[in-house]
Every structure is written in structure tokens, then in C-alpha cells.
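These notes concern the structure reproduced below.
Chain A is the first sequence line, chain B the second, and so forth, proteins listed ahead of strands; every chain is numbered from 1.
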Number of protein chains: 2
Amino acid sequence: MKVLTKNTDYAIRALLALAAKKGSYLSAKSIATEHDIPYQFLRRLLQEMIRHNLIVSKEGVQGGFMMEKDPDAISVTQLIEIFQGKVQVSECMFRKQICNNRARCVLRHEIMRIEQVVQREFEKVTIGKLLRDLQVANKVEPQSANIEQAVLNP
Amino acid sequence: MKVLTKNTDYAIRALLALAAKKGSYLSAKSIATEHDIPYQFLRRLLQEMIRHNLIVSKEGVQGGFMMEKDPDAISVTQLIEIFQGKVQVSECMFRKQICNNRARCVLRHEIMRIEQVVQREFEKVTIGKLLRDLQVANKVEPQSANIEQAVLNP
DNA sequence: TAAACTGATACTATATTAGTATCAATTAAA
DNA sequence: TTTAATTGATACTAATATAGTATCAGTTTA
Ligand code: FES
Ligand code: FES
């Protein structure tokens with residue numbers, strides 16, 4: 001059971017790159033090359049994120065994508081909803097025509113409770129938090145692969 | 001994002017039926033009919049559950065499937081693992097050749113922590129618990145659709 | 001011996017995920 | 001002012017996962 005699909009995964013990486021260079025434009029091409037993300041695939045993801053106001057873009061030479069928002073205001077929950085649809089454990093455990101007391105159904109409550117737990121966990125994980133984590137990982141072992149440099153500013 | 005797929009969903013329903021009639025054999029046909037589960041699909045699921053020692057079977061006339069185990073010892077986590085593979089948030093956020101300090105990577109720890117939260121939540125939900133929930137729902141509003149009767153003993 | 005069953009397995013259909021290609025419009029710079 | 005680097009929009013293909021169907025052999029009870 002894969003919780004994050006490629007598009008969410010790629011979107012997170014791209015957002016991390018943009019967050020690390022917040023305020024300046026990065027082209028889809030440069031992000032794709034640096035992070036081994038298929039170029040056209042990435043462009044679609046970036047456009048989708050523009051539609052959801054997570055990033056902005058500038059056309060033409062020297063154009064690209066930029067993060068304006070606070071990276072801490074972008075959670076993995078949001079990205080999952082955009083790219084994989086809202087988290088839902090099961091449409092309904094039993095077909096409606098039989099279980100017609102949905103409002104009181106304990107089973108259904110159970111399911112909704114878990115949905116919320118999962119969502120809340122992913123809400124805690126923001127792009128800002130991930131970026132700080134990366135920077136910490138980078139400081140701990142500076143002589144090894146310099147993640148922030150290698151991944152975000154190569 | 002669908003957390004439970006059809007096979008897990010169907011498997012849970014079938015196990016609930018078997019748990020409600022613990023000790024006696026139910027045929028795949030009767031379970032399929034009563035719960036609107038595609039017959040051949042269900043049979044595959046039942047066979048898979050036999051292989052994982054969740055249920056037992058008896059061949060021939062008057063044969064079928066039976067639950068021997070304690071229903072509280074069967075969790076949704078187990079079923080997800082059987083039918084959807086182990087819960088994994090993301091193989092790894094960055095490709096190995098760059099992030100080569102896996103052991104210390106904070107990001108990776110974050111991911112593994114969420115994996116465990118999700119798994120633990122589903123571990124709390126056992127077939128035994130679900131069955132009791134159903135029975136409670138049934139008692140609360142006995143004049144409305146009698147779930148336990150309708151779904152499990154029609 | 002016939003009918004009601006499971007065991008095993010192969011097959012098809014549908015949906016989702018992943019990835020590619022193309023062309024028009026925009027913009028900075030040569 | 002032309003050219004190259006870029007995004008916008010959208011259509012397409014490929015690969016994989018999910019869902020569902022079909023078939024035949026073997027077992028058991030009546
Ligand atoms: S299981 Fe869906 S309403 Fe009860
Ligand atoms: S993100 Fe995978 S080891 Fe760091």
C-alpha cells in the first residue's frame with residue numbers, strides 16, 4: 001500500500017527546491033534535471049500547483065516558478081488532496097440500502113475517525129518542516145553528501 | 001486516496017459474516033449472495049485468507065469456510081498487508097545516490113513515524129471490534145434496518 | 001453416482017498512475 | 001527585431017494495479 005504516489009512525491013521535492021530559493025524563479029527544466037523528475041511530468045504538477053495557489057510563475061526567458069507562500073502553510077495533506085484526492089478509508093463498509101442508519105453507525109464513525117487521524121498526521125508535515133529537517137540532516141554530517149547543496153542548490 | 005481497496009473491504013465483510021457464525025461452515029456462495037460480493041472474486045480472497053491462517057475450509061457438500069481464530073486477533077492492518085501490501089509512505093524521498101546518510105536522515109524518520117501511526121490505528125480495529133460495533137448499532141435502533149440480521153444472518 | 005462444494009489458476013476488463021509529445025503564447029536578451 | 005528560453009494548455013501512450021470472470025479438477029455428503 002503506497003501512501004504517496006509519484007506525483008505527490010515529485011511535488012514535494014519541487015516545493016522543497018522552490019522553498020529553498022524562495023523569492024527567485026526556478027525553471028521547470030532546472031528542477032527536473034537536479035531532482036531526476038521527468039520534465040513534462042513535472043511541468044504538469046507545477047501548473048496544477050499554480051491553480052491551487054501554492055506557487056506562481058513567470059513566462060519567457062528567465063521565467064520559471066516561485067514560491068510566495070509561507071512554506072509552513074503547505075502541508076502534505078494538501079498535496080495528497082490535490083494529487084490523490086481526499087483521504088477516504090472506504091466509501092462505506094456496507095451498501096446503503098441495508099445500512100440505512102448511517103448517522104448513528106458506529107462502524108462509520110470508526111472509519112471517519114481513522115481518516116482524521118491520518119489527515120492530521122500529514123497536516124503536521126509541512127514543506128517548511130521538511131526543509132528544516134533537510135538542513136538539520138545536512139549539518140549533522142557535513143562531510144558526507146551535502147543534501148541541501150546537492151539536492152537544492154547544485 | 002482510497003485507503004481500503006475492494007478486496008480488503010470484501011475480506012472484512014466476509015470475516016464479519018464468519019465471525020458472527022463462528023464454529024460453523026459458511027459456503028462462499030452464501031456469503032457472496034448475502035453481501036453482494038462477486039462470487040469468484042470472493043473465493044480467491046477466502047483462499048488467500050486460508051493461506052494466511054485466518055480461516056479454515058472444508059471441501060465438498062456442506063463444506064465451506066469457518067473461523068477458528070479469535071476475531072480480536074485479526075486486525076485491519078493484517079488484511080491491508082495481505083491484500084494491499086505493507087503500508088509504506090514513500091520508498092524514499094530522495095534518490096539513494098544523493099541522500100546517502102539514510103541512517104540519520106530526519107526526513108526518513110518522519111516518514112517512518114507516520115507509517116507506524118497509520119499501522120497502529122488500523123491495528124486497533126479488529127474483526128471482533130467491528131462485529132461488536134455492528135451489534136451496538138443494531139441495538140440502538142432495533143426498529144430500523146436490523147444490520148446484524150440483515151447483513152450477517154439474513 | 002450426482003450435486004454441492006473448495007483448490008488452483010488463467011483470463012479479461014477497467015481504472016489509476018506514470019510518462020511523453022506537441023504547439024501556441026510570452027518574454028528577455030542578443 | 002529576431003531568436004531562444006521559457007510557461008500554458010492539452011492530447012496522447014505505456015505501465016501497473018485493481019476488479020471481475022471463467023474453467024476444470026478434486027472432495028465429500030446425500
Ligand atoms: S457501515 Fe456505512 S453506514 Fe454503517
Ligand atoms: S530522504 Fe531518504 S534517506 Fe533521506
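Taking atom NZ of residue B:Lys2 and atom P of nucleotide C:dT14, one finds them 15 Å apart after rounding to whole Å. The separation between B:Glu48 atom CD and C:dG7 atom P is 12 Å, rounded to whole Å. Between the CG atom of A:Leu42 and the C1' atom of D:dT7 there is a distance of 12 Å, given to the nearest Å. Note: CZ (A:Arg51) to P (D:dT7) measures 14 Å, nearest angstrom. Between B:Gln47 atom CD and D:dT21 atom P the separation is 17 Å, expressed in whole Å. Protein atom CG of B:Asp36 is 11 Å distant from nucleotide atom P of D:dG20, rounded to whole Å. One can place CG of A:Leu46 at 14 Å from P of D:dT6, the figure rounded to the nearest angstrom. To the nearest angstrom, C1' of D:dA11 lies 14 Å from CZ of A:Arg43.
Residue B:Lys58 places no side-chain N or O under 4.0 Å from the OP1 or OP2 atom of D:dG26. The phosphate of C:dA18 has OP1 or OP2 within less than 4.0 Å of a side-chain N or O from A:Asn7. Look at A:Tyr10 and you'll find a side-chain N or O under 4.0 angstrom from OP1 or OP2 of C:dG19. Residue B:Ser57 places at least one side-chain N or O under 4.0 Å from the OP1 or OP2 atom of C:dG7. Within the 4.0 Å cut-off from OP1 or OP2 of D:dA5, not a single side-chain nitrogen or oxygen of A:Ser27 is found.
Residues A:Leu26 and A:Ala17 share a closest heavy-atom pair of CD1-O, 3.7 Å.
No cation-pi contact links A:Arg43 to A:Phe41, judged by a cut-off of 6.0 Å to the six-membered ring centre and 45° from its axis.
For the pair A:Glu59 and A:Arg44, nearest-nucleotide mapping onto DNA chain C gives the more 5' position to A:Arg44. Both A:Thr5 and B:Phe65 lie near DNA chain C, and the one whose nearest nucleotide falls closer to the 5' end is B:Phe65.
The side chain of A:Val61 lies closest to C:dA28, out of C:dA28, D:dT21, C:dG19. For A:Gln40, taking side-chain heavy atoms from C-beta onward, the closest of the listed nucleotides C:dA8, C:dT22, C:dA3 is C:dT22.
Judged purely by distance below 3.5 Å, without hydrogens or angles, the side chains of A:Ser30 and A:Thr33 never pair a donor atom with an acceptor atom.
Counting non-hydrogen atoms under 4.0 angstrom, B:Ile50 reaches the backbone sugars and phosphates but no base.
The closest side-chain heavy-atom distance from B:Thr126 to B:Lys129 is below 4.5 Å.
One N or O on the side chain of B:Gln84 and one on the backbone of B:Thr5 form a donor-acceptor pair closer than 3.5 Å.
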